[in-house]
There are 2 protein chains.
Amino acid sequence: MSHQNVDLAGLLHQKGYRMTAQRQMVLDAVCEADGHATPEEIWARVQEKSSAVNRATVYRTLKFLRDMDLVTATMLEDGHFEYEIAGEQPHHHFVCRACDVNLEFSDEAFAAFVKSLQQRYGFVVEMSHITLTGLCPQCQEQTKQR
Amino acid sequence: MSHQNVDLAGLLHQKGYRMTAQRQMVLDAVCEADGHATPEEIWARVQEKSSAVNRATVYRTLKFLRDMDLVTATMLEDGHFEYEIAGEQPHHHFVCRACDVNLEFSDEAFAAFVKSLQQRYGFVVEMSHITLTGLCPQCQEQTKQR
DNA sequence: CTACATGCAAAGAGTTTGCATCCGC
DNA sequence: GCGGATGCAAACTCTTTGCATGTAG
């Protein structure tokens, strides 16, 4: 969302990289995913536009865009990556283990947690994005009923 | 540590499973790892005792022991598993991105975080063990010096 | 025209699975 | 002896890499 503003070409040129159609398509695909997307989902989305784009290019480009701070990568509990557009309000995700619903929550609670750790132990947590798992409200209800 | 107390054979029998040398060796290996260990490390440790034990058996046994609540599995940021003995004081881990030092921190701060999320969003986080990354105090110092 | 970027295919790590054999109970 | 557990090898997924070719600047 709202990456239209990003002058990708100019930004890359500044840093000495080149603008290519693939990079634009991958960035667009991450945006359209609206939330998070796995490399595979992004690849599928890119293929709709240009079926010649290679998987490896998508992986390489995602890492590249991450280095450019245009997207962020998250390692899920199941060991898979998810990417999303960077620069939004800091927030985190919660995945329900029962229904797989994906909820967002603001950074406030996590920031407080990080701060308490810093005060108590001295280490600075540098994770801008975390994903927690558990039971969502709906599935908690269903569990009770059984 | 302190798994010697665990009556593995009896526990398995109660649940209708069998006691085998492999299961004992894997459990021992996780204990000896004293902290965390990857499946590969555990496999190597088991092999020292009995070189005939298969990788697949180690993987299967680790999952099995996790289902028995004897060990816990954690997905690291780099996408690899780590196992450790369950039943200790709940705690979490912090890995320094610079020096890879592995620090523990108590569950108190995390529990407070989880509680605040539950109150605010309704979902119940069920992760008994998390791993955070960032900079440890020492590496923070070194970064300043540069 | 000169690097950087891509496509292709192949490798690679980590993990899982099918199936015959083995062995705990 | 029965059925769960193991060994073996092969498959599987996700991701990375080497190299020739293509293309942006």
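We use all heavy atoms of the structure for the numbers below, so side chains are in, but hydrogens, waters and symmetry mates are not. Proteins get letters first, then strands, A, B, ... in listed order; numbering begins at 1 in each.
Rounded to whole angstrom, the span from the CG atom of Asp78(A) across to the P atom of dT16(C) amounts to 11 Å. If you take CG of Leu62(A) and P of dC14(D), they are 15 Å apart, rounded to a whole angstrom. Across the protein-nucleic acid pair, Glu40(A) atom CD and dC12(D) atom C1' stand 13 Å apart, rounded to whole Å. Rounded to an integer number of Å, the gap from His80(A) NE2 to dG14(C) C1' is 11 Å. Straight-line distance from the CZ atom of Arg66(A) to the C1' atom of dT15(D): 12 Å, rounded to whole Å. In this structure, the NZ atom of Lys15(A) is 17 Å from the P atom of dG25(D), given to the nearest Å. When the C1' atom of dC14(D) is taken as reference, atom CZ of Phe81(B) falls 13 Å away, rounded to whole Å. Tyr83(A) has its OH atom 11 Å from the C1' atom of dC14(D), to the nearest Å.
Taking 4.0 Å as the cut-off between side-chain N and carboxylate O, Glu84(B) and Arg66(B) do not count as a salt-bridged pair.
One finds a side-chain N or O of Gln22(A) lying less than 4.0 angstrom from the OP1 or OP2 phosphate oxygen of dG7(C). Taking side-chain N and O atoms only, Arg18(B) has no distance below 4.0 Å to OP1 or OP2 of dG3(D). Taking 4.0 angstrom as the limit, Lys63(A) places none of its side-chain polar atoms (N or O) nearer than this to OP1 or OP2 of dT15(D). Phosphate proximity of dT6(C) to Thr20(A): present, with a side-chain N or O under 4.0 Å from OP1 or OP2. The phosphate of dT15(C) (OP1 or OP2) has a side-chain N or O of Tyr59(B) nearer than 4.0 angstrom. Contact annotation: Arg60(B) side-chain N/O to dT16(C) OP1/OP2 distance is not under 4.0 Å. Residue His13(B) places at least one side-chain N or O closer than 4.0 Å to OP1 or OP2 of dC25(C).
With DNA chain C read from its 5' end, the first of the two nearest nucleotides for Ala21(B) and Ala56(B) is the one closest to Ala56(B). Two residues, Gly16(B) and Thr57(B), neighbour DNA chain D, and the one matched to the more 5' nucleotide by heavy-atom proximity is Gly16(B). Comparing Tyr17(B) and Pro39(B) by the nucleotide of DNA chain C whose heavy atom lies nearest to each, the residue mapping closer to the 5' end is Pro39(B).
Between Tyr121(B) and Phe94(A), a ring centre-to-centre spacing not shorter than 6.0 Å is recorded.
Residue Arg23(B) places its side chain closer to dA5(D) than to any other of dA5(D), dT17(D), dC8(D).
Both tests hold for Arg23(B) against Phe64(B): distance to the six-membered ring centre under 6.0 Å, angle to the ring axis within 45°.
Across all strands shown, Phe64(B) has no heavy atoms under 4.0 Å from either base or sugar-phosphate atoms. The residue Ala52(B) sits close only to the backbone: its heavy atoms come under 4.0 Å of sugar-phosphate atoms, none of a base.
Formation of a donor-acceptor pair under 3.5 Å by the Gln14(A) side chain with backbone atoms of Leu11(A) is not found in this model.
Put simply, the side chain of Val58(B) reaches to within 4.5 Å of the side chain of Val53(B), judged on heavy atoms. In this structure, the side chains of Asp28(B) and Lys49(B) come closer than 4.5 Å at one or more pairs of heavy atoms.
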